[in-house]
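Every number for a ligand or one of its atoms is a count from 1 in the order of the listing.
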Amino acid sequence: MVRTRFCDVFGVDHPIVQGGMQWVGTAELVSAVANAGALGFLTALTQPTPEDLAKEIARCREMTDKPFGVNLTILPSINPPPYAEYRDVIVESGVPVVETAGFNPAEHLPTFQGGGVKVLHKCTSVRHAVKAQELGVDGISIDGFECAGHPGEDDIPGLVLIPAAADRVTIPMVASGGFGDARGLVAALALGADGINMGTRFVATQEAPVHENVKRAMVDNSERDTELIFRPLRNTARVASNTVSREVVSILDGGGEFEDVRELVAGNRGRTRVLEQGDTDGGIWSAGLVQGLIQDVPTVAELVSRIAGGADELINRRLAGLAG
Ligand SMILES: Cc1cc2nc3c(=O)[nH]c(=O)nc-3n(C[C@H](O)[C@H](O)[C@H](O)COP(=O)(O)O)c2cc1C
């Protein structure tokens, strides 16, 4: 099995991470990822209050005795959630690792470090990775332009972003964005990363708490079936292409303001109509280019063992056969 220093630092068997996912990163998925020997993150803000997060962590612990973490995503917001309270729950609950995303983690680092919580910081550029390393985080998750969610505004795909980051980052680093199979893991290792982070691929698993129609859509969709919304607002998000996301792109490209799309992009609309009720044209849902590589909906255990075992096979047979 492929083992890297990422496994040693973060206490997992496989160098495979399930990144935070709003509405999807619940105990069902995260415990399955932990039980498969990979590193899963509950998504703090999926829980309506910090107290609910404490309960979700406890619920996840009932489903696994393996380590798992919590994702804390901080994005610009008119009415920001009580981030410091979520942070304190993470520390007090004794979770061993936090995935920070969407912001410079400086403000929260002393509390995490004082509480013995390792910090895996997710960012989308080499400069932010270097900055986070200087601040003292324990690992970097570098998200390329292929990714679902927020790819940033630089548009650098993994083939360049990962080795460019690896040249500057000395702490353990996982590569993210577009990964879904053993070939991706081996490629990430070759590019200088210590493992991979996946979002979209984990949504198309049996345990992900989303409607079957969404999982089936990911199997049916190709690598061309995403849209980049909010580009003119410089807050780009990669989401599945559907009638709603295409309408959002068209309104904003035509000079519209956020107010003009507010209803269309409402998080609760995507959550209820798409993820719960299964209307894949009902609202916005995040998905990456890797949809083009998704052909089935396995259990998490099957997926992780397929990637870990496949990587081993690829390195020891196909690539070893090419050397010398
Ligand atoms: C449905 C969904 C929701 C997501 N929500 C978040 C989030 O709340 N916070 C975050 O940091 N990343 C979020 N992401 C991004 C993932 O954690 C991960 O970085 C990304 O999916 C990697 O790219 P991939 O989809 O190509 O694997 C989300 C991704 C998906 C698919």
Side-chain angles (χ1 to χ4, degrees), residues 16-26 29-30 33 38-47 53 69-77 81 83 86 98-103 105 119-124 128 132 140-152 157-159 161-162 173-181 184-185 187-188 193 195-205 208-211 214-215 217-218 221 223 225-229 235-240 242 245 265 267 270-271 274-276 280 283-294 303 307:
I16 299 173
V17 178
Q18 167 256 309
M21 288 187 276
Q22 184 65 323
W23 317 128
V24 183
T26 63
L29 178 61
V30 173
V33 172
L39 182 57
F41 287 96
L42 292 171
T43 308
L45 300 185
T46 294
Q47 303 305 320
L53 175 60
V70 176
N71 163 285
L72 187 63
T73 303
I74 301 194
L75 293 172
S77 158
Y83 291 120
Y86 279 100
V98 64
E99 179 191 56
T100 52
F103 70 114
V119 178
L120 180 64
H121 183 62
K122 187 160 64 182
C123 53
T124 58
H128 292 152
I140 296 290
S141 184
I142 189 96
D143 227 349
F145 188 48
E146 300 90 337
C147 73
H150 290 274
L159 199 54
L161 185 67
I162 300 159
M173 182 181 84
V174 291
S176 178
F179 293 99
D181 60 24
L185 173 55
I196 53 170
N197 174 57
M198 304 188 296
T200 304
R201 178 64 266 205
F202 275 118
V203 180
T205 59
V210 307
H211 198 281
V214 176
K215 301 178 188 181
M218 284 183 162
N221 280 350
E223 61 278 13
D225 293 317
T226 70
E227 301 291 334
L228 293 168
I229 60 169
N235 185 25
T236 301
R238 189 182 291 284
V239 301
N242 65 12
S245 61
V265 302
R271 178 191 202 174
V274 181
L275 300 183
E276 287 175 16
T280 53
I284 295 293
W285 49 286
S286 296
L289 302 185
V290 75
Q291 286 181 118
L293 302 178
I294 296 177
L303 177 66
I307 295 177

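When the heavy-atom distances from atom 15 (C) of ligand 1 to Pro151, Ala148, Gly199 are ranked, the shortest goes to Ala148. By heavy-atom distance, the residue among Ser286, Gly270, Gly184 lying nearest atom 2 (C) of ligand 1 is Ser286. Between Glu99, Met21, His150, it is Met21 that holds the heavy atom closest to atom 3 (C) of ligand 1.
Between Ser176 and Ile142, the closest side-chain pair of non-hydrogen atoms is not below 4.5 Å. A heavy-atom distance below 4.5 Å is found between the side chains of Phe145 and Arg238. Side-chain contact check for Val290 versus Met198: every heavy-atom pair is 4.5 Å or farther apart. Between Ser141 and Val17, every side-chain heavy-atom pair lies at or beyond the 4.5 Å cut-off. Side-chain contact between Leu120 and Phe41 is present, with heavy atoms from C-beta onward closer than 4.5 Å. Between Tyr83 and Leu45 there is a side-chain heavy-atom pair separated by less than 4.5 Å. Within the 4.5 Å cutoff, the side chain of Phe202 has heavy atoms near those of the Ile16 side chain.
Within the listing of ligand 1, atoms 19 (O), 22 (C) sit less than 4.0 angstrom from a heavy atom of Ser176. Of all the atoms in ligand 1, the ones that sit under 4.0 Å from a non-hydrogen atom of Thr73 are 7 (C), 8 (O), 9 (N), 10 (C), 11 (O). Of all atoms in ligand 1, listed by their number and element, those nearer than 4.0 Å to a heavy atom of Ala101 are 11 (O). Short contacts between ligand 1 and Gly19, defined as distances under 4.0 Å to a heavy atom of the residue, involve ligand atoms 17 (O). Residue contact check: Asp143 has heavy atoms under 4.0 Å from atoms 19 (O), 22 (C) of ligand 1. Every atom of ligand 1 with a heavy atom of Thr200 under 4.0 Å away is listed here by number and element: 21 (O), 24 (P), 25 (O), 27 (O), 31 (C). Close approach of ligand 1 to Gly178 (heavy-atom distance below 4.0 Å) involves ligand atoms 24 (P), 26 (O). Short contacts between ligand 1 and Gly177, defined as distances under 4.0 Å to a heavy atom of the residue, involve ligand atoms 22 (C), 23 (O), 26 (O).
Among protein heavy atoms, atom 5 (N) of ligand 1 sits closest to Gln22 N, 3.0 Å. Among all non-hydrogen protein atoms, the one lying nearest atom 23 (O) of ligand 1 is Cys147 CB, 3.3 Å. Atom 11 (O) of ligand 1 has as its closest protein heavy atom Lys122 NZ, 3.1 Å. For atom 7 (C) of ligand 1, the closest non-hydrogen atom on the protein side is Gly20 O, 3.6 Å.
In terms of N/O distances under 3.5 Å, ligand 1 is not approached by Thr43. Residue Val24 has no nitrogen or oxygen atom sitting less than 3.5 Å from a nitrogen or oxygen atom of ligand 1, judged on distance alone.
A distance of 7.5 Å separates CD in Gln47 from CG in Leu42, rounded to the nearest 0.5 Å. One finds the CE atom of Met218 at 11.5 Å from the CG atom of Asp225 (value rounded to the nearest 0.5 Å).
With hydrogens and angles disregarded, a donor-acceptor distance shorter than 3.5 Å links the side chain of Asn242 to the backbone of Gly283. Here the side chain of Arg271 pairs no donor or acceptor atom with the backbone of Val274 at under 3.5 angstrom.
In this structure, Met198 has a heavy atom closer than 4.0 Å to ligand 1.
Under the salt bridge (charged side-chain N to carboxylate O under 4.0 Å, His left out) criterion, Asp181 pairs with Arg183, sequence neighbours left out.
With a heavy-atom cut-off of 4.0 Å, Asn71 touches ligand 1 through its side chain alone.
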